Amino acid sequence: MNTDETFMQRCLDLASNGKQDVAPNPMVGAVIVHQGEIIGEGYHQFYGGPHAEVNAVNAVKDLSLLKESTIYVSLEPCAHFGKTPPCVDLILENQFKRVVIGCLDPHDQVAGKSVEKLQKNNIEVRVGVLEAECLKINKRFFKFHQKQLPHVILKWAQTQDGFIDGIRDSEERKINWISAPETKVLVHQWRSEEQAILVGWKTINNDNPSLTVREVVGKNPIRVILDSHLKCNPNSTVFTDGLKTIVFNTLKDETVENVDYIKLKDISTKTVLKALYELKITSVFVEGGSSTLQHFLTDKTWDEARVIVGKNNFGEGVKAPEMTGIPELTFEFAGDTIYQFQNK
């Protein structure tokens, strides 16, 4: 790596610290360098809080050095007033000598405007350092603004013989575990990294899941249930634990305590994803049953899939969704095999 790439990589490392807390904003890191030495750095820590550039400037002990410094930012500085003032103005006020940007911001209120403003004020600007990496870290943010849709991750566990659930011969509500207990911790970590988690009504009635991140320290995703005709058991945990739940249905619009019932014209994947976009949800983790997952696969309305294959066999039960293609990544975890797919 050359010097610019080295400092941009540091920006990316910093940016990733905000993964659980900044959505629907992007993850951004900033590093200030004077004569080859880092004199200040920061990242966007939480939604509504100071941006990376502000935190980096505030970390500099001698502000007089900024006129002879370069600021590295993984994403183009904002050019508009939102919850905070424009970061491009902060850069101009401090008269930075040079600005190095990982990638442009697709937000229609930015989209190159900051670069243009900096250049008009005779500040040297370089754009596109580690661009692919900078785009990847904010793939949720980019899809949200470029396609007006959330980033969709499918996840399910299946047995060696291809079943997602066993035969249910009673009214007992329970989860038929397939993966190892340690894998549950990994799944909860995955949940904490997305804004919402989605299941169908049958999963609620069969498993009575909490859909939280209780196995890790992190932020609970907003729970989204697809329940066209409101068949969910009203005594389910998702309705009684006080945490936020959204129920997409075709019958009513109503809010009851922690539950928002949102009426849609239909419960197709495209209609649901458009509704999530309008709610400013940038990513959704789909953990529903086989039918719900298969709808996303068939409609090709998914971006990533994570398939966990346990060691056991059910012999009979509910068949797992049909996944075709070659996994982008395969690895072993606690005795389970995990396959990760990309919808290209």
Side-chain angles (χ1 to χ4, degrees), residues 10-30 41-52 54-56 58-59 74 83 136-141 144 150-157 175 177-199 203-204 207-225 236-246 258-259 276 279-288 303-308 310 329 331-336 338 340:
R10 178 58 184 164
C11 289
L12 288 167
D13 294 343
L14 289 165
S16 64
N17 291 325
K19 191 166 192 175
Q20 294 182 355
D21 301 305
V22 300
N25 281 354
M27 293 175 278
V28 184
E41 59 182 27
Y43 65 95
H44 185 31
Q45 298 179 8
F46 57 91
Y47 178 66
H51 287 187
V54 175
N55 288 329
N58 288 342
S74 54
K83 290 186 175 294
K136 184 176 181 180
I137 195 174
N138 279 313
K139 57 190 175 184
R140 298 159 179 80
F141 177 76
F144 183 81
H151 186 80
V152 179
I153 301 172
L154 310 181
K155 170 265 165 183
W156 71 87
I175 298 174
W177 289 105
I178 294 172
S179 56
E182 296 88 348
T183 305
K184 186 200 296 190
V185 179
L186 175 63
V187 171
H188 283 212
Q189 179 62 41
W190 287 344
R191 289 178 179 180
S192 75
E193 295 169 356
E194 311 307 331
Q195 261 192 289
I197 183 170
L198 182 150
V199 300
T203 294
I204 298 300
D207 299 348
N208 191 25
S210 298
L211 304 177
T212 62
V213 298
R214 58 198 178 279
E215 297 288 337
V216 299
V217 176
K219 189 175 182 180
N220 287 318
I222 298 169
R223 299 173 302 202
V224 178
I225 301 166
S236 300
T237 299
V238 292
F239 301 124
T240 59
D241 65 2
L243 301 176
K244 185 173 178 61
T245 299
I246 294 170
N258 61 303
V259 184
L276 290 173
L279 291 169
K280 293 184 169 31
I281 290 175
T282 59
S283 66
V284 58
F285 196 61
V286 181
E287 279 201 68
D303 298 288
E304 303 176 52
R306 301 169 186 173
V307 182
I308 303 166
L329 178 66
F331 62 95
E332 300 293 320
F333 189 90
D336 297 325
I338 301 178
Q340 296 191 356

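Values in this document were obtained by computation on a predicted structure and should not be read as measured data.
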Practice task
Report the distance from atom CD of E287 to atom CG of D207, rounding to the nearest 0.5 Å.
Solution key: 10.5 Å
Handout entry: Minimum-distance pair of heavy atoms, taken over all atoms of P209 and T237
Key = O-CB, 4.0 Å
Problem - Close side-chain approach of V187 and I308, heavy atoms under 4.5 Å - result: yes
Practice task
Provide the closest heavy-atom pair for K19 versus M27 in the form atom of the first, atom of the second, distance.
Solution key: CA-SD, 3.4 Å
Exercise for the section: Starting at CG of N58, measure out to CD of E41 and round the result to the nearest 0.5 Å. Expected result: 13.5 Å
Exercise for the section: Without swapping roles, check the side chain of S74 against the backbone of V28 for a donor-acceptor pair under 3.5 Å. Expected result: no
Handout entry: Least distance between heavy atoms, G42 atom then A52 atom
Key = O-CB, 3.8 Å
Exercise for the section: Determine whether Q195 and R140 make a side-chain contact, defined as any pair of heavy atoms from C-beta on separated by less than 4.5 Å. Expected result: no
Handout entry: Main-chain N/O of L243 paired with N258 side-chain donor or acceptor, under 3.5 Å
Key = yes
Handout entry: Minimum side-chain heavy-atom gap I153-S283 below 4.5 Å
Key = no
Practice task
Return yes if some donor-acceptor pair links the side-chain N/O of H44 with the main-chain N/O of G29 below 3.5 Å, else return no.
Solution key: no
Practice task
Kindly indicate whether the side chain of L279, heavy atoms from C-beta on, has any atom under 4.5 Å from the side chain of I222.
Solution key: no
Practice task
Decide whether H151 and E194 meet the rule of one side-chain donor and one side-chain acceptor closer than 3.5 Å.
Solution key: no
Completion exercise
Rounding to 0.5 Å, atoms CG (L12) and OH (Y43) come to a distance of 14.5 Å
Exercise for the section: Please check if the side chain of N220 supplies one atom and the backbone of V213 the other of a donor-acceptor pair under 3.5 Å. Expected result: yes
Practice task
May I ask you to test the T212-R223 pair for a side-chain heavy-atom distance under 4.5 Å?
Solution key: yes
Handout entry: Residue list, ring-ring contact (aromatic ring centres under 6.0 Å, His included) with F141, at least two apart or on another chain
Key = H145
Handout entry: Side-chain heavy-atom pair F285, L198 within 4.5 angstrom cut-off
Key = no
Exercise for the section: Check whether any side-chain heavy atom of V216 lies under 4.5 Å from a side-chain heavy atom of V185, and answer yes or no. Expected result: yes
Exercise for the section: Measure across P221 and I197 and return the closest heavy-atom pair with its distance rounded to 0.1 Å. Expected result: CG-CG2, 3.6 Å
Handout entry: S236 side, atom OG; L211 side, atom CG - distance, nearest 0.5 Å
Key = 10.0 Å
Exercise for the section: Could you tell me the separation between the NZ atom of K219 and the CG atom of D21, rounded to the nearest 0.5 Å? Expected result: 6.0 Å
Exercise for the section: I would like to know whether V307 and W156 meet side chain to side chain contact (heavy atoms under 4.5 Å, CB included); could you show each step before the answer? Expected result: CA-CA 5 Å; V307 182; W156 71 87; 3.5 Å; yes
Handout entry: Sub-4.5 Å side-chain heavy-atom contact between L14 and R10
Key = yes
Exercise for the section: Mark yes when over 12 heavy atoms from residues, nucleotides or ligands other than K139 sit less than 6.0 Å from its NZ; otherwise mark no. Expected result: yes
Problem - Results of side chain to side chain contact (heavy atoms under 4.5 Å, CB included) for Q340 - residues two or more places apart only - result: W190, R306, L329, F331, I338
Practice task
Give the minimum heavy-atom separation between T282 and A23, together with the two atoms involved.
Solution key: OG1-CB, 4.0 Å
Exercise for the section: Mind listing the closest non-hydrogen atom pair of D336 and S179 along with its distance? Expected result: OD2-CB, 3.3 Å
Practice task
Please round to the nearest 0.5 Å and tell me the distance separating atom OG of S192 and atom CD of E215.
Solution key: 12.0 Å
Handout entry: Check: V238 main-chain N/O paired with T245 side-chain donor or acceptor under 3.5 Å
Key = yes
